[in-house]
Number of protein chains: 2
Amino acid sequence: MLNYSTSEENYIKAVYHLQLTDDSVTTNEVAGYLKTKPASVTDMMKKLKAKKLLNYERYRGFRLTAEGTKVALGIIRRHRLWEYFLAEKLRFNWDEVHEVAEELEHITNKKLVDKLDEFLGYPRTDPHGDPIPDANGKIEVTRKICLTELPVNKTATVNSVSDQSSKILELLEHKKISIGTRLEIKKRFEFDKSLEIRIGRQPAFTISSQLAENIFVTHE
Amino acid sequence: MLNYSTSEENYIKAVYHLQLTDDSVTTNEVAGYLKTKPASVTDMMKKLKAKKLLNYERYRGFRLTAEGTKVALGIIRRHRLWEYFLAEKLRFNWDEVHEVAEELEHITNKKLVDKLDEFLGYPRTDPHGDPIPDANGKIEVTRKICLTELPVNKTATVNSVSDQSSKILELLEHKKISIGTRLEIKKRFEFDKSLEIRIGRQPAFTISSQLAENIFVTHE
DNA sequence: AATTATTTTTAGTTTTGTCTAAATTTATTT
DNA sequence: AAATAAATTTAGACAAAACTAAAAATAATT
Ligand SMILES: [Mn+2]
Ligand SMILES: [Mn+2]
Ligand SMILES: [Mn+2]
Ligand SMILES: [Mn+2]
């Protein structure tokens, strides 16, 4: 496996994340995601195409090749292992891990990564609930749904949260909701799409539609 | 404290290390140390002078300013904390830690470094026996001498080893010498400068002058 | 279908860090 | 004190990664 620059890696990862929801990724999407300019994206996409990491015909958008996907999963593995390390070992808050992991992920030394994985006890998910690819690049596909789609009275487990700011963290901590919390919806209110939810045997309480939209759960 | 590029940091650290033994550091010394060309060194020295990190008049060599020294100690702190982490937590061998730490040292996030220090239990020295600067940039000055200079029959403690290759590690492991080992010289042989040394009550054995030259000890 | 708007690409700069080759300065010999 | 050698700096080139502004292609409207 060849080595890629920090910049190349950031673009590869961006395309990977964007193509999860979108089948073809556009120049403007990548530019928006990385806070860079469209012209810079075009330059880099040409380079990554030349390295056979993505398919790209001009004006047609991009998708990672199998090789590109493998590279992306390596970066994501490192990113999430470091996030786990920062949260579990260094007691970082949930909203502080991402920024530092964004730098640590670019150190590709294989022994470092695999020994870190071992040291951490082979964690399955990062502090945001996202799955960590294993040393072979295999990643768990969790069929998660948005809390807004969960049927009433079906118990589900909080799997991940899409917004990762300190503002949502503050609210989630106050409501005592975290990754792994088991909960069920008792009632949905049509007027403001707010939800009445219950955790275990505790009294039910209400959460806003804005919060519910950012919570993802698994059930059955 | 401003932020410096990876490249700037590598040069700052090189000058720091070189000026420990040499009162003025030369262009060729830095080029040799960093495996770069003299012309590149001159370019960077101009830049670091402009940033007031070192004193430099052309053709006259360089020395770090107080500010430059502070920056250097920050880099060395990060380098040695990561070396300690790699050796103690990830069970890296002694000769494998340097290369990875060379990359990790450039992540300057203060919280990361200070929390790592706390997690490691505020270690005083790295796996090679070199002191780790504290969060304020204070570093212990150990009056260490080369084993070749230790008087006969004076017990001393192995403090550090200047060569950090796997070849010296192999030999030291075989001889059961490591950082912290207490030993004394029983006899020096003029012919080849070899030394007969003893560890505790064990039988004495011989080491070569080439090995002795790379071992540093403290005594009293 | 023609016009307008949006997206994407191209062309040309800029910054950082590296290099080679030539020029200059300093150090060492004769 | 010249002459020669070594070290250092300058000049000019190059690659990576970013940018702006203009051109080209595609998409959306009228
Ligand atoms: Mn990154
Ligand atoms: Mn994450
Ligand atoms: Mn380094
Ligand atoms: Mn060390």
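This one's a predicted model, so the numbers in the text were calculated from it and none came from an experiment. Below, chain A is the first sequence line, B the second, and so on; all start at residue 1.
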Residues which pass side chain to side chain donor-acceptor pair (under 3.5 Å) with [X], listed by chain and number, not counting sequence neighbours:
{"X": "B:Thr108", "answer": "none"}
{"X": "B:Asp192", "answer": "B:Ser194"}
{"X": "B:Ser24", "answer": "none"}
{"X": "A:Asp114", "answer": "A:Arg77, A:Lys110"}

Please report, rounded to the nearest Å, how far the [atom2] atom of [N] is from the [atom1] atom of [X].
{"X": "B:Met44", "N": "D:dT8", "atom1": "CE", "atom2": "C1'", "result": "17 Å"}
{"X": "A:Tyr4", "N": "D:dA16", "atom1": "OH", "atom2": "P", "result": "14 Å"}
{"X": "B:Glu8", "N": "C:dT18", "atom1": "CD", "atom2": "P", "result": "10 Å"}
{"X": "A:Glu57", "N": "D:dA24", "atom1": "CD", "atom2": "P", "result": "21 Å"}

Distances under 3.5 Å only, N/O to N/O: pair up the protein atoms with those of nucleotides 2-5 of chain D.
none

What nucleotide, of D:dT10, C:dT10, D:dA18, holds the atom closest to the side chain of A:Ser7? D:dA18

Main-chain N/O of B:Leu64 paired with B:Gln19 side-chain donor or acceptor, under 3.5 Å: yes

Distances for protein N/O vs nucleotides 25-28 of chain C N/O pairs under 3.5 angstrom?
from   : atom 1 : to      : atom 2 : distance (Å)
C:dT25 : O4'    : B:Tyr59 : OH     : 3.3

With sequence neighbours left out, which residue pairs that include part of [range] fulfil the side chain to side chain donor-acceptor pair (under 3.5 Å) condition?
{"range": "residues 85-95 of chain A", "value": "none"}
{"range": "residues 133-142 of chain A", "value": "A:Arg124-A:Glu140"}
{"range": "residues 55-75 of chain B", "value": "B:Lys49-B:Glu57"}

Presence of salt bridge, A:Glu99 and B:Lys111, under 4.0 angstrom: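 The answer is no: the pair does not qualify as a salt bridge.
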
Of all residues at least two apart in sequence or in a different chain, which pass the salt bridge (charged side-chain N to carboxylate O under 4.0 Å, His left out) check with A:Glu103?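 Expected list: none.
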
Return all side-chain donor-acceptor pairs below 3.5 angstrom for residues 26-36 of chain A, not counting sequence neighbours, or 'none' if the list is empty.
from    : atom 1 : to      : atom 2 : distance (Å)
A:Thr26 : OG1    : A:Glu29 : N      : 3.2
A:Glu29 : OE1    : A:Thr26 : N      : 3.1

Near DNA chain D, counting only heavy atoms under 4.0 Å, which residues of residues 14-39 of chain A show up? A:Thr36, A:Lys37, A:Ala39

